[in-house]
Amino acid sequence: MEVADGIFQIQLPLPFPLRIVNCYALRDGAEWTIVDTGLHYPPGEAAWQVAFEAFGIRPAQIGRIVLTHAHPDHFGMAGWLAGQSGAPVLLAPGENAFAERVWHNGAANEQAIVEFFRAHGLPAGLAEQVRETMAENRAMTTPWPEVTALAPGTAIEIGARRFEAIATPGHSDEHLVFYCADERLMLCGDAVLTKITPNVSRWPDGNPNPLADFLSSLERLGDLDVALALPGHGPLIDKFGQRLGELRQHHHERLEMMARAAGDGATAFEVCTRVFPTSTLSPHQLRFAIAETLAHLEHLVSIGQAERIEQPAIMYRAA
């Protein structure tokens with residue numbers, strides 16, 4: 001559907017509970033610019049073919065593929081679309097480093113994450129299930145594209161619009177949003193979502209305090225005048241400032257909940273089981289639940305509201 005003049009939202013299927021990722025096709029003179037690409041598996045390819053037909057796009061007309069970040073549901077079909085079109089793939093340098101580490105060197109990364117979670121209390125059987133889901137996701141990011149670096153702060157002309165690429169780390173290490181000040185319009189990827197909160201996770205090789213990054217990004221986004229934001233999941237956002245406030249409040253409440261769950265001492269996995277309904281989560285969901293728990297616990301440590309105890313096991317205790 002057309003969500004703004006010359007901007008079309010394409011909803012692509014996902015094989016996990018999130019169900020849908022929003023990608024966008026923007027008229028760019030005689031060409032098209034694609035923002036985000038979906039996960040590479042047969043239903044995703046079929047959905048792109050339907051979209052091409054519906055909007056009258058020939059792959060050869062795709063001039064650029066621009067990615068907000070390198071998570072698989074946004075990055076996964078970039079190589080396939082580049083192969084169909086010959087278009088360059090633009091991605092922030094920090095996100096390309098993530099792709100190299102997590103997709104290109106995936107087996108080593110998966111082992112590192114399993115060991116990281118095991119050190120934080122995740123049982124061995126669940127850890128192996130988590131490894132399997134990560135390998136399944138990695139398989140749906142091929143073929144990997146050649147990437148052109150898109151530095152934060154770069155101005156991008158798409159049709160008659162001028163967008164600024166703005167770094168909003170937190171959900172990922174160098175997530176970009178694209179802001180058109182003249183129209184108060186933003187392509188916001190997963191930096192701001194409506195019906196769900198963007199996942200903020202601590203990974204062994206990622207930024208050490210991603211929640212601090214995320215909260216800082218919300219503050220910077222609050223300085224922008226946004227009438228309409230086009231997100232990576234869920235409905236369009238027409239009350240942008242209000243939603244920023246809701247996300248800040250959510251994390252304030254979640255931090256208090258995590259501190260109470262840590263109490264006199266608990267592993268991150270124990271805290272996770274007290275905060276999330278872990279018995280009902282798939283291994284895919286569990287991975288994000290424990291990583292988000294760690295992000296909150298590490299932030300509590302950084303602001304002096306918890307302490308990390310590393311002997312004999314890694315545990316957290318409310319200060």
Side-chain angles (χ1 to χ4, degrees), residues 69 71 94-95 97-98 101-102 105 108-131 133-134 167-175 190-191 197-219 247-279 281 283-319:
H69 61 301
H71 288 173
E95 294 298 305
F98 170 92
R101 183 174 71 249
V102 175
N105 301 312
N109 173 73
E110 289 148 19
Q111 179 63 29
I113 289 175
V114 165
E115 291 175 1
F116 181 64
F117 286 168
R118 291 282 291 120
H120 286 282
L122 185 67
L126 289 176
E128 186 53 39
Q129 292 177 44
V130 164
R131 183 205 303 274
T133 65
M134 288 188 291
T168 51
H171 176 69
S172 65
D173 285 355
E174 202 172 27
H175 185 291
D190 286 359
T197 58
N199 176 262
V200 180
S201 288
R202 171 73 170 99
W203 305 107
D205 294 327
N207 288 353
N209 192 347
L211 184 55
D213 294 337
F214 183 76
L215 294 173
S216 294
S217 292
L218 293 182
E219 292 297 327
L247 291 173
R248 284 192 291 268
Q249 181 63 24
H250 164 81
H251 285 290
H252 175 73
E253 293 170 358
R254 182 56 58 86
L255 285 165
E256 291 182 342
M257 189 182 302
M258 294 283 184
R260 288 195 301 270
D264 293 332
T267 66
F269 179 66
E270 288 170 335
V271 173
C272 181
T273 63
R274 296 167 187 171
V275 173
F276 294 98
T278 51
S279 63
L281 299 182
H284 175 84
Q285 293 169 307
L286 178 62
R287 170 165 53 107
F288 290 106
I290 189 170
E292 183 154 330
T293 298
L294 279 162
H296 285 79
L297 291 171
E298 286 295 325
H299 188 63
L300 286 168
V301 171
S302 76
I303 61 176
Q305 293 184 13
E307 58 180 328
R308 187 193 310 108
I309 309 160
E310 302 204 11
Q311 294 296 333
I314 301 175
M315 302 182 74
Y316 295 84
R317 178 169 60 203

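In this text, all values refer to a predicted model and were calculated from it rather than measured experimentally. In what follows, residues are counted from 1 in the order of the sequence shown.
- Interatomic distance, Glu174 CD to His69 NE2, rounded to the nearest 0.5 Å: 13.0 Å.
- Two residues are said to be in side-chain contact when any heavy atoms from C-beta on lie closer than 4.5 Å; Thr278 and Leu126 fail this criterion.
- The nearest pair of heavy atoms linking Ala319 to Gly304 is CB-O, 3.4 Å.
- For the pair Ala291 and Trp203, the tightest heavy-atom approach, listed with the atom from each and the gap, is CB-CH2, 3.7 Å.
- Met257 has its side chain out of reach of Arg274: every pair of non-hydrogen atoms, C-beta onward, lies at least 4.5 Å apart.
- Checked by atom type and distance alone, the side chain of Arg202 never pairs as donor or acceptor with a backbone atom of Asn209 at under 3.5 Å.
- Between Ile113 and Pro204, the closest side-chain pair of non-hydrogen atoms falls below 4.5 Å.
- Of all heavy-atom pairs between His71 and Ser172, the closest is NE2-CB, 3.6 Å.
- Between Pro210 and Ala295 the shortest heavy-atom distance is CG-CB, 3.9 Å.
- Salt-bridge formation is not detected for the pair Arg118/Glu115: no Lys NZ or Arg NE/NH1/NH2 atom is positioned less than 4.0 Å from an Asp or Glu carboxylate oxygen.
- In this structure, the separation between CG on Leu294 and CG on Leu211 is 12.0 Å, given to the nearest 0.5 Å.
- Note that CG of Asp213 and CG of Asn207 are 5.0 Å apart. Values are rounded to the nearest 0.5 Å.
- The side-chain heavy atoms of His171 and Asn199, taken from C-beta on, include a pair separated by under 4.5 Å.
- Atoms CZ and CG, on Arg254 and Leu247 in that order, are 12.0 Å from each other to the nearest 0.5 Å.
- Judged as a side-chain contact (heavy atoms from CB on, under 4.5 Å), and not counting sequence neighbours, the contacts of Glu253 are Gln249.
- The ring pair (Phe, Tyr, Trp, His ring centres under 6.0 Å) search around Phe116 returns His120, not counting sequence neighbours.
- Atom CG of Leu281 is separated from atom CD1 of Ile290 by 11.5 Å, given to the nearest 0.5 angstrom.
- You'll find the side chain of Thr293 reaches within 4.5 Å of the side chain of Met258, heavy atoms only.
- Contact annotation: the side chain of Val114 never approaches that of Glu128 to less than 4.5 Å [non-hydrogen atoms, C-beta and beyond].
- In terms of heavy-atom proximity, Pro169 sits nearest to Ser217 at O-OG, 2.7 Å.
- Taking His296 as the reference, His251 meet the ring pair (Phe, Tyr, Trp, His ring centres under 6.0 Å) condition, with sequence neighbours excluded.
- For the pair Arg131 and Glu110, the salt-bridge criterion is not met [side-chain N within less than 4.0 Å of a carboxylate O].
- Summarising the geometry, atom CG belonging to Asn105 is positioned 14.0 Å from atom CD belonging to Gln111; distances are rounded to the nearest 0.5 Å.
- In terms of modelled atom types and a separation under 3.5 Å, the side chain of Gln305 and the main chain of Leu300 share no donor-acceptor contact.
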>> Set out, in order, the CA-CA distance, both residues' side-chain angles and the distance that settles side-chain contact (heavy atoms from CB on, under 4.5 Å) for Glu292 and Val275, then state yes or no.
In response: CA-CA 11 Å; Glu292 183 154 330; Val275 173; over 6 Å; no
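- Using a 4.5 Å heavy-atom threshold, the side chains of Phe98 and Asn109 count as separate.
- In this structure, Val271 and Ala262 approach most closely via the heavy-atom pair CG2-CA, 3.8 Å.
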